Enquirer: 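The structure under discussion is supplied below as structure tokens; questions concerning it will follow.
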Amino acid sequence: MNKSMEQLSAFQRKEMERQYALYANGVNEIIPALELKQKIAKSLLKKKPLKVKLGLDPSAPDVHIGHTVVLQKLKQFQQNGHIIQLIVGDFTGKIGDPTGKSAARKQLTDEEVKHNAQTYVEQFGKVLDMKKVELHYNSQWLRLLNFEDIIRLAGSITVARLLERNDFSQRISTGKPISLHEFFYPLMQGYDSVVLESDIELGGTDQHFNVLMGRQLQEHYQKEKQAVILLPLLEGLDGVDKMSKSKGNYIGIHDKPNDMFGKTMSIPDELIPKYIDLATDFDLEKKKLLKEDLKSGRLHPRDAKIMIGENFVTMFHGRKASESAAHHFQQVFQNRKLPEDIPTIVWQKAPKITIVDLIVELELLPSKSEARKMIQNGGIKLNGEKVVNKSLEIEIKNDTIIQVGKRKFLKITL
């Protein structure tokens with residue numbers, strides 16, 4: 001494959017460097033970088049697209065901006081004509097990835113796997129052209145392995161190598177059990193690359209061990225080894241932990257446009273360059289200019305976040321929704337005006353009610369304890385006035401406006 005680089009024309013070499021710069025932007029590591037360049041060169045010479053793999057166990061169906069980091073990178077490959085191999089781990093999903101876990105995961109049922117897989121596919125279509133994606137379920141080949149095949153697969157790696165995983169070594173050191181079936185997870189994920197003869201595999205930095213297993217197994221089965229691209233994990237809106245729905249620091253791709261835009265404006269200033277690189281679909285030159293302008297002070301962080309928010313909303317809801325969300329933010333937060341499209345509800349119950357009961361009754365918060373906490377934190381307003389008394393009893397009048405947090409508004413009519 002080294003000869004491929006030498007055979008490139010001047011135009012092809014320029015194209016190879018362009019593609020490599022695009023794929024390398026914002027990533028944590030390419031293993032090995034030279035092989036990726038060689039694969040791109042070979043693809044250009046033979047006019048044959050690369051096969052780019054992403055494996056996913058369907059264990060959590062809600063996709064947020066953190067998940068789209070790897071999807072944006074896949075989109076770059078797809079836009080250059082390469083083949084995206086999306087592997088739905090309906091078989092491996094029954095075991096569960098032990099990465100970052102101190103105990104074995106709960107095994108999913110066939111029904112759970114099927115439901116979650118379909119949800120992922122629908123949501124991935126927000127970023128990728130799913131008509132051009134090769135969609136595979138790894139049960140198609142893993143369920144066909146007989147015991148002799150499994151022994152051969154297990155013989156490709158030592159126990160010492162498996163125990164290099166921090167997850168396993170930590171569990172052993174603390175006396176926590178490891179089930180034998182968990183050892184097979186990285187082997188099965190790597191075997192997917194053998195079957196599909198993947199050229200490149202993408203994953204987060206937490207998938208380092210798993211994705212490198214594909215290279216090892218391809219070599220064991222005398223296949224050309226895949227290159228690996230590891231992407232950083234995106235911190236959430238708290239600026240500390242990885243974006244996660246359970247931590248409440250996420251921007252969901254199904255969030256309403258106003259919520260999506262408003263959440264984006266909460267991105268910590270120091271993370272703006274990372275969000276530009278990893279989560280937007282700006283072209284490489286625009287990303288570079290935005291980061292340079294931020295660093296020099298020519299671009300204010302607030303204006304950068306507005307551009308990111310508009311980009312996110314455009315990607316997932318369209319240009320019209322993006323313009324509306326930006327206008328809404330300006331009216332409500334910058335100009336301190338009420339939004340123009342406040343949802344309205346007709347009140348047909350008792351005219352007097354405590355503020356806590358009202359918030360729960362209107363489903364603005366899920367529980368009374370959360371309503372009291374929000375009042376304590378100064379997050380509830382009634383007709384523009386901050387509520388400070390958690391025991392406040394109010395008389396419902398026509399056009400009463402209640403605000404919860406920064407983005408929830410509701411008008412009550414009689």
Side-chain angles (χ1 to χ4, degrees), residues 60-66 112 115-116 119 123 236-267 309 312-313 316-317 321 324-325 327-414:
D62 293 318
V63 175
H64 53 62
I65 293 295
E112 289 171 328
H115 169 75
N116 290 349
T119 305
Q123 293 180 89
L237 301 177
D238 57 3
V240 179
D241 293 315
K242 180 179 77 171
M243 187 176 286
S244 166
K245 187 172 183 182
S246 64
K247 294 183 182 297
N249 64 353
Y250 72 103
I251 304 172
I253 69 168
H254 284 308
D255 282 346
K256 294 178 181 178
N258 291 346
D259 290 339
M260 182 177 288
F261 191 95
K263 286 182 180 181
T264 303
M265 297 304 295
S266 300
I267 296 171
F312 285 170
V313 179
F316 300 111
H317 296 285
S324 176
H327 175 71
H328 176 271
F329 181 84
Q330 183 180 25
Q331 288 291 100
V332 176
F333 299 103
Q334 292 184 313
N335 298 338
R336 302 297 179 185
K337 294 181 179 179
L338 290 172
E340 298 171 352
D341 55 347
I342 300 177
T344 300
I345 186 171
V346 178
W347 185 258
Q348 296 178 325
K349 299 188 177 182
K352 290 186 178 181
I353 188 172
T354 66
I355 185 65
V356 169
D357 287 338
L358 178 63
I359 291 169
V360 176
E361 181 69 32
L362 297 175
E363 298 183 354
L364 293 170
L365 287 173
S367 68
K368 293 182 180 181
S369 61
E370 289 194 37
R372 294 188 189 97
K373 185 176 180 180
M374 183 69 81
I375 292 171
Q376 183 178 339
N377 294 333
I380 304 294
K381 289 184 179 180
L382 191 66
N383 296 322
E385 296 293 327
K386 187 179 294 185
V387 177
V388 295
N389 181 4
K390 289 181 281 188
S391 302
L392 178 68
E393 185 177 72
I394 61 175
E395 183 177 351
I396 302 296
K397 296 180 180 179
N398 199 38
D399 292 339
T400 295
I401 295 177
I402 186 167
Q403 178 182 347
V404 176
K406 293 181 178 180
R407 290 177 286 273
K408 287 185 181 179
F409 292 84
L410 191 63
K411 180 186 288 187
I412 304 172
T413 62
L414 301 177

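Just so it is clear, the structure is predicted and the values come from calculations on it, not from any experiment. Side chains included, hydrogens not; waters and symmetry mates left out as well; all remaining heavy atoms used. Just so you know, residue 1 is the first one in the sequence shown, and it goes up from there.
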Enquirer: To the nearest 0.5 Å, what is the distance between OG1 (Thr344) and CG (Leu410)?
Expert: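 Atom-to-atom, Thr344:OG1 and Leu410:CG are 7.0 Å apart.
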Enquirer: What's the spacing between Lys245 NZ and His64 NE2 if we round to 0.5 Å?
Expert: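 One gets 9.5 Å once the value is rounded to the nearest 0.5 Å.
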Enquirer: Mind checking salt bridge (Lys or Arg N to Asp or Glu O under 4.0 Å) for Glu361 and listing every partner two or more places apart, or none if nothing turns up?
Expert: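 Salt bridge (Lys or Arg N to Asp or Glu O under 4.0 Å) check on Glu361 returns Lys349.
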Enquirer: So, taking the atom named CG in Leu364 and the one named NZ in Lys408, what distance separates them when rounded to the nearest 0.5 Å?
Expert: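 One gets 6.5 Å once the value is rounded to the nearest 0.5 Å.
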Enquirer: Quick one: list whatever passes salt bridge (Lys or Arg N to Asp or Glu O under 4.0 Å) with Asp255, sequence neighbours left out.
Expert: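 So Asp255 forms a salt bridge (Lys or Arg N to Asp or Glu O under 4.0 Å) with Lys263.
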Enquirer: If the condition is side-chain contact (heavy atoms from CB on, under 4.5 Å), which residues does Asn249 pass it with, not counting sequence neighbours?
Expert: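 side-chain contact (heavy atoms from CB on, under 4.5 Å) check on Asn249 returns Asp238, Asp241, Met243, Ser244, Lys247.
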Enquirer: Side-chain polar contacts of residues 385-393 - donor-acceptor pairs under 3.5 angstrom, sequence neighbours left out - could you list them?
Expert:
residue, atom, partner, partner atom, Å
Asn389, OD1, Ser391, N, 2.9

Enquirer: Is there a side-chain contact between Ile355 and Ile402 in this structure, where contact means two heavy atoms from C-beta onward sitting under 4.5 Å apart?
Expert: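 Yes, their side chains come closer than 4.5 Å.
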Enquirer: Could you list the residues that satisfy salt bridge (Lys or Arg N to Asp or Glu O under 4.0 Å) with Lys411, not counting sequence neighbours?
Expert: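 Lys411 satisfies salt bridge (Lys or Arg N to Asp or Glu O under 4.0 Å) with no residue once adjacent residues are dropped.
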Enquirer: Does any N or O in the side chain of Asn398 come within less than 3.5 Å of the main-chain N or O of Thr413, such that one atom is a donor and the other an acceptor?
Expert: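 No, because the side chain of Asn398 does not come within donor-acceptor range (under 3.5 Å) of the backbone of Thr413.
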Enquirer: Going from CD1 on Ile394 to CD1 on Ile412, what distance comes out if it is rounded to the nearest 0.5 angstrom?
Expert: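 The CD1 atom of Ile394 sits 6.5 Å away from the CD1 atom of Ile412.
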Enquirer: Got a second to check how far Leu382's CG is from Leu358's CG, nearest 0.5 Å?
Expert: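 Spacing of CG (Leu382) from CG (Leu358) equals 8.0 Å.
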Enquirer: With sequence neighbours left out, write down each residue that passes ring pair (Phe, Tyr, Trp, His ring centres under 6.0 Å) with Phe261, or none if nothing qualifies.
Expert: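 With sequence neighbours excluded, Phe261 shows a ring pair (Phe, Tyr, Trp, His ring centres under 6.0 Å) to Phe329, given in chain and number order.
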Enquirer: Please report the closest heavy-atom contact between Pro257 and Ala325, naming both atoms and the distance.
Expert: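 Distance-wise, the nearest heavy atoms are O-CB, 3.7 Å.
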Enquirer: Taking ring pair (Phe, Tyr, Trp, His ring centres under 6.0 Å) as the definition, give me every residue that meets it alongside His317, ordered by chain and number, with sequence neighbours left out.
Expert: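 None.
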Enquirer: Which residues pass the side-chain hydrogen bond (donor to acceptor under 3.5 Å, both in side chains) test with Lys242, not counting sequence neighbours?
Expert: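 If we apply the side-chain hydrogen bond (donor to acceptor under 3.5 Å, both in side chains) test to Lys242, skipping adjacent residues, there are no hits.
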Enquirer: Listing request: all side chain to side chain donor-acceptor pair (under 3.5 Å) pairs with a residue in residues 368-381, at least two apart in sequence or in separate chains.
Expert: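 Non-adjacent pairs meeting side chain to side chain donor-acceptor pair (under 3.5 Å): Asp357-Lys368, Ser367-Ser369.
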Enquirer: Quick one: are Phe316 and Ile251 in side-chain contact, heavy atoms under 4.5 Å?
Expert: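 A side-chain contact is absent here, since even the closest heavy-atom pair is not under 4.5 Å.
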